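Read through the structure below, which is laid out as structure tokens, and then see the notes.
Just so we're on the same page: letters track the sequence lines, and every chain starts at 1. None of these values were measured; they are calculated from a predicted model.
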Number of protein chains: 2
Amino acid sequence: MNKNFETLKGTYEYLPAEQTLREEIKRKLTEIFRIYGFSPAETPILCMYDLLASKYSADADILNETYKLSDQGERALGLRYDLTICFSKLIATNGSIVMPFKRYEIGKVFRDGPVKLGRNREFTQCDVDIVGVKSIMQDAEFMNLTHDGFKNLGLDIEIRYNNRKLLTGLIQKIFGKLDADTTRKAIMLIDKLDKLTNDELKAEFKKIDFDGEKVDELLQVLSLSFDKIKEKYEADAEGILKEGIDELSELILYTKNTVASEDMVFSPYLARGIDIYTGTVWEIFLKNRNVNGHDFNVSLGGGGRYDHIITEFVGTGEEYPAIGMSFGLDVIYEILNKMHEGEVKSCVDLFIIPIGTGVDSFKLASGLRNEGLKVEIEKMDRRVKKSMNYANKENIPFVVVIGEDEVKNGKIKLKDMQSGDEHEFGIGDYVSMKKIIENK
Amino acid sequence: MNKNFETLKGTYEYLPAEQTLREEIKRKLTEIFRIYGFSPAETPILCMYDLLASKYSADADILNETYKLSDQGERALGLRYDLTICFSKLIATNGSIVMPFKRYEIGKVFRDGPVKLGRNREFTQCDVDIVGVKSIMQDAEFMNLTHDGFKNLGLDIEIRYNNRKLLTGLIQKIFGKLDADTTRKAIMLIDKLDKLTNDELKAEFKKIDFDGEKVDELLQVLSLSFDKIKEKYEADAEGILKEGIDELSELILYTKNTVASEDMVFSPYLARGIDIYTGTVWEIFLKNRNVNGHDFNVSLGGGGRYDHIITEFVGTGEEYPAIGMSFGLDVIYEILNKMHEGEVKSCVDLFIIPIGTGVDSFKLASGLRNEGLKVEIEKMDRRVKKSMNYANKENIPFVVVIGEDEVKNGKIKLKDMQSGDEHEFGIGDYVSMKKIIENK
């Protein structure tokens with residue numbers, strides 16, 4: 001076959017064993033999104049390039065990685081690089097949307113960049129966002145949604161959380177008033193606190209002219225619990241620092257009565273790279289970073305409040321406070337795949353092997369499918385032994401062989417492939433067969 | 001807002017009310033696919049252009065409408081125009097696939113062509129295919145899958161079916177041996193039998209030098225039932241005509257004991273345009289072509305057996321008989337949308353309105369969500385009356401207002417918004433509330 005037919009680097013084909021798990025992840029997350037009152041929306045992949053390049057959505061790096069193309073009408077188009085830009089556009093162009101607007105979207109996005117672990121050219125994003133709510137109750141609800149989402153997937157996680165106002169407030173408290181750009185640089189450095197040693201970090205701070213002693217003070221503060229920080233600064237906090245302390249206090253107040261609180265870890269250095277965030281931010285990690293000998297130190301998703309971006313994008317003067325998160329479908333898939341390594345789960349409940357009894361076997365399959373069972377018939381004219389081996393290899397839990405005797409007597413035997421037990425039924429007794437199969 | 005931000009013609013945004021229905025269609029179809037033993041697979045949207053242009057998959061028309069682009073490595077790429085090419089590629093490049101291989105895929109495809117009703121630039125295809133089975137039992141199973149799929153969607157349809165071998169055989173029987181190209185032209189004309197008058201059709205046949213009397217004979221034969229055709233030709237049928245008669249007889253034999261047979265309509269002129277089909281073909285239409293005053297004369301999907309294409313594509317000499325179908329998600333959506341016009345279904349079971357009781361309301365929502373209920377809290381600080389109006393407009397079935405008295409007494413009242421009835425509960429009695437809400 002032509003070598004040029006191969007799958008492009010950074011794009012993936014998912015075979016049934018893989019895709020079944022991926023679909024299950026989507027289904028389980030969707031279940032939780034709905035419980036929290038979110039509805040699905042779908043936006044196009046193919047967009048006007050101008051939309052993708054809008055100054056409120058993309059930075060230069062992302063635009064360099066945007067796939068560009070044009071149509072027969074010579075319009076400048078691009079493939080979307082994330083779902084947030086489409087979400088913002090949807091808000092801006094649909095005047096009839098009732099606030100608050102809550103949607104989830106699971107869809108493909110594209111980046112023409114270097115491929116490495118966790119960075120693909122075509123990948124699926126899984127976003128949940130709400131626009132129109134300022135209340136911190138919403139931030140708190142996202143903590144619970146995050147917790148329930150991962151619980152439903154069977155993953156034991158911790159939610160690291162922080163507030164950008166608190167972080168900015170602390171920096172300004174310690175270093176004095178700074179311009180926006182310097183504050184931003186400091187925040188980006190702090191965000192690396194996990195990856196660098198204290199000395200490396202101090203060297204980096206020095207490069208942007210931050211005084212050594214004050215950096216020590218900042219690092220010391222960023223190792224404190226929220227209660228200690230509150231105790232230390234609350235009395236004379238004002239402006240953004242006060243807002244940060246208040247918002248975090250409220251977030252903790254709402255969540256403390258819920259199970260989510262057990263998984264929440266206050267992380268005062270967490271900033272979540274991107275500029276858009278204005279308040280609460282959070283990021284998800286496995287509690288035990290290791291699964292069957294494989295390390296997963298990466299983030300499984302995260303989110304935050306971004307009150308300015310959509311407001312500026314719409315540009316009517318009306319306010320659009322927003323908060324949202326992404327679940328990292330690909331990473332979650334990798335982890336669950338490792339957790340269930342070697343387990344072969346069949347997509348079929350019962351395998352029917354006809355011996356010259358095609359029409360009767362077909363009728364049996366029909367009847368059982370009507371009851372909602374997943375049934376397959378041997379149709380490749382393989383010998384019975386080969387068919388049995390196939391069923392065994394595919395881990396199909398039940399098999400029935402139908403020869404002429406079975407048809408004549410109107411009796412068949414369902415073989416439980418694991419225990420070897422046989423259960424006899426009348427050939428049309430679909431309901432009893434269903435009971436045995438479903439109770440397995 | 002910038003006019004260039006608008007949605008591209010031929011691409012669509014689906015808001016929650018629309019997308020909820022679209023997701024339900026996908027879910028209901030998937031349910032049936034699984035019952036028939038199909039598993040999901042996912043293939044990339046972004047493909048090597050050479051793959052898309054492979055001579056076994058695309059004709060010139062489709063290639064003219066293929067979106068072309070290139071990446072930073074200057075590779076020639078394209079956006080896939082259908083899922084069959086990706087399915088063929090998957091078979092060809094994954095040597096470990098066990099036959100028969102059954103997959104479904106629901107995914108976006110792209111065509112840079114003129115936009116009209118039913119022809120979009122970005123749209124979703126919903127395909128089910130199997131490769132590796134020659135048995136007509138499989139063709140029969142597709143009749144049942146089609147029937148069950150539409151039944152699950154609540155649509156009353158007819159499945160028009162035919163066999164390309166029968167059609168080719170009849171043409172050759174009446175006109176004598178023809179070369180492949182002439183046979184093809186005749187088949188394409190017959191496929192239009194539904195849309196043209198007999199006179200128009202005869203004029204068209206004349207253009208390709210078909211004799212008038214024989215055309216009359218063909219048209220007469222194509223108005224017969226399968227039993228009559230069989231009666232007339234079976235005795236001395238040979239070659240492809242015999243195969244066609246045998247395959248159709250077998251198809252009918254398998255399905256006659258199942259409910260699908262009631263919806264099956266033999267249509268000897270059905271050919272399904274595309275060249276790839278080699279045996280059974282079928283196409284789905286609404287039984288009553290009209291829904292709430294809107295005509296739907298279009299096909300809702302269809303499929304057929306294509307035994308040569310993948311075989312040629314893989315090119316190893318090994319045979320890959322295949323059969324598959326497409327469900328027309330967009331048309332199905334339009335029809336169901338018209339059927340349920342005006343119905344506002346809420347995504348939420350219960351709306352909680354706190355009056356200064358945020359933390360307790362949050363706890364109640366948490367508890368009920370843990371029970372699997374879809375719960376929303378008023379978070380926009382609207383007045384109670386406005387919140388109530390919102391719940392009413394959104395058709396939310398239950399509402400609870402929680403003031404300080406409710407918290408103090410530990411009792412709340414769920415209001416059934418339709419009947420006006422109120423049910424009193426202890427504030428933590430989630431299970432009892434769930435019972436009332438779910439029995440609504």
Self-check item: A:Asp112 portion near chain B, given a 4.5 angstrom heavy-atom threshold
Solution: both
Quiz item: Side chain, backbone, both or neither: which part of A:Gln138 has a heavy atom under 4.5 Å from chain B?
Solution: both
Quiz item: Heavy atoms, side chains only, cut-off 4.5 Å: are A:Tyr390 and B:Val98 in contact?
Solution: yes
Quiz item: Side chain, backbone, both or neither: which part of A:Arg75 has a heavy atom under 4.5 Å from chain B?
Solution: side chain
Self-check item: Close side-chain approach of B:Leu79 and A:Leu79, heavy atoms under 4.5 Å
Solution: yes
Practice problem: Below 4.5 Å from any heavy atom of chain B, which atoms of A:Ala140 appear? Answer side chain, backbone, both or neither. | Solution: both
Quiz prompt | Any donor-acceptor pair under 3.5 Å from A:Glu122 side chain to B:Ile45 backbone | solution = yes
Practice problem: Name the member of B:Gly113, B:Cys47, B:Gly367, B:Gly372 that forms the most heavy-atom pairs with chain A at distances under 4.5 Å. | Solution: B:Gly372
Quiz item: Under 4.5 Å between any side-chain heavy atoms of A:Glu13 and B:Thr93, yes or no?
Solution: yes
Exercise. Nearest 0.5 Å please: distance from the OH atom of A:Tyr36 over to the CD1 atom of B:Ile377.
Key: 9.5 Å
Self-check item: Among A:Gly358, A:Ser361, A:Gly37, residue most engaged with chain B (heavy-atom pairs, under 4.5 Å)
Solution: A:Gly358
Practice problem: Tell me, out of A:Val259, A:Leu368, A:Leu90, A:Thr316, who's got the most heavy-atom pairs with chain B below 4.5 Å. | Solution: A:Leu90
Quiz item: Nearest 0.5 Å, what's the CZ-OG1 distance between B:Arg103 and A:Thr20?
Solution: 13.0 Å
Practice problem: Would you mind checking which part of A:Arg111 comes under 4.5 Å of any heavy atom in chain B, side chain (CB onward), backbone (N, CA, C, O), both or neither? | Solution: neither
Practice problem: Decide yes or no for B:Tyr67 and A:Leu77: does some side-chain heavy atom of the first lie under 4.5 Å from some side-chain heavy atom of the second? | Solution: yes
Quiz item: Quick one: what part of A:Lys68 sits under 4.5 Å from any heavy atom of chain B, side chain, backbone, both or neither?
Solution: backbone
Practice problem: Go through the steps to decide whether B:Lys379 and A:Glu141 satisfy the test salt bridge (charged side-chain N to carboxylate O under 4.0 Å, His left out), and finish with yes or no. | Solution: CA-CA 11 Å; B:Lys379 297 189 205 87; A:Glu141 252 183 32; 3.2 Å; yes
Self-check item: Segment of A:Phe362 engaging chain B (4.5 angstrom heavy-atom cut-off)
Solution: side chain
Quiz item: Distance from B:Met137 atom CE to A:Asp381 atom CG, nearest 0.5 Å?
Solution: 8.5 Å
Quiz item: Any side-chain heavy atom of A:Leu8 within less than 4.5 Å of one from B:Met48?
Solution: yes
Quiz prompt | Closest-packed option against chain B by number of heavy-atom pairs under 4.5 Å, given A:Pro100, A:Gly315, A:Cys347, A:Ser135 | solution = A:Pro100
Quiz prompt | Per-residue contact mode, A:Ile97 against chain B (heavy atom under 4.5 angstrom) | solution = side chain
Practice problem: Pick whichever of B:Gly73, B:Ser366, B:Ala17, B:Ala41 has the most heavy-atom pairs under 4.5 Å with chain A. | Solution: B:Ala41
Quiz item: Under a 4.5 Å heavy-atom cut-off, does chain B meet the side chain of A:Thr258, its backbone, both or neither?
Solution: side chain
Quiz item: With chain B, which of A:Leu46, A:Asn257, A:Thr255, A:Leu253 has the greatest number of heavy-atom pairs at distances under 4.5 Å?
Solution: A:Leu46
Practice problem: Pick whichever of B:Asn94, B:Thr30, B:Asp148, B:Asn370 has the most heavy-atom pairs under 4.5 Å with chain A. | Solution: B:Asn94
Quiz item: Would you say the side chain of B:Ile35 lies within less than 4.5 Å of the side chain of A:Leu373, judging by non-hydrogen atoms?
Solution: no
Practice problem: Tell me, for A:Ser70 versus chain B, whether the close heavy atoms (under 4.5 Å) come from the side chain, the backbone, both or neither. | Solution: backbone
Quiz prompt | Proximity breakdown for A:Phe110 and chain B, heavy-atom pairs closer than 4.5 Å | solution = side chain
Practice problem: Against chain B, label A:Val359 side chain, backbone, both or neither, depending on which of its atoms sit under 4.5 Å from a heavy atom there. | Solution: both
Quiz item: Any side-chain heavy atom of B:Thr43 sitting closer than 4.5 Å to one from A:Thr11?
Solution: no
Quiz item: What part of A:Lys108 is in contact with chain B, defined as an atom under 4.5 angstrom from a non-hydrogen atom: side chain, backbone, both or neither?
Solution: side chain
Quiz item: Mind checking whether B:Pro16 and A:Phe38 have side chains closer than 4.5 Å, heavy atoms only?
Solution: no
Exercise. Please look at A:Asp349 and chain B and tell me whether the side chain, the backbone, both or neither of the residue comes under 4.5 angstrom of a heavy atom of that chain.
Key: neither
Quiz item: Among B:Met99, B:Lys256, B:Lys134, B:Lys9, who wins on heavy-atom pairs under 4.5 Å with chain A?
Solution: B:Met99
Quiz item: To the nearest 0.5 Å, what is the distance between OG (A:Ser39) and NZ (B:Lys374)?
Solution: 9.5 Å
Quiz item: When heavy-atom pairs shorter than 4.5 Å are enumerated against chain B, which of A:Glu376, A:Arg121, A:Glu394 gives the highest number?
Solution: A:Glu376
Quiz item: When you look at B:Thr124 and A:Glu42, which way does the side-chain contact (heavy atoms from CB on, under 4.5 Å) test go after all the steps?
Solution: CA-CA 11 Å; B:Thr124 301; A:Glu42 190 176 285; 4.2 Å; yes
Practice problem: Quick one: do A:Lys26 and B:Glu23 satisfy salt bridge (charged side-chain N to carboxylate O under 4.0 Å, His left out)? Show the steps, please. | Solution: CA-CA 12 Å; A:Lys26 292 186 203 171; B:Glu23 293 295 331; over 6 Å; no
Practice problem: Look at B:Arg22, B:Glu31, B:Lys102 and state which one has the largest set of heavy-atom pairs under 4.5 Å with chain A. | Solution: B:Lys102
Quiz item: Does any N or O in the side chain of B:Gln72 come within less than 3.5 Å of the main-chain N or O of A:Asn64, such that one atom is a donor and the other an acceptor?
Solution: yes
Quiz item: Nearest heavy-atom pair of A:Pro44 and B:Thr7: which atoms, and what distance?
Solution: CG-CG2, 4.0 Å
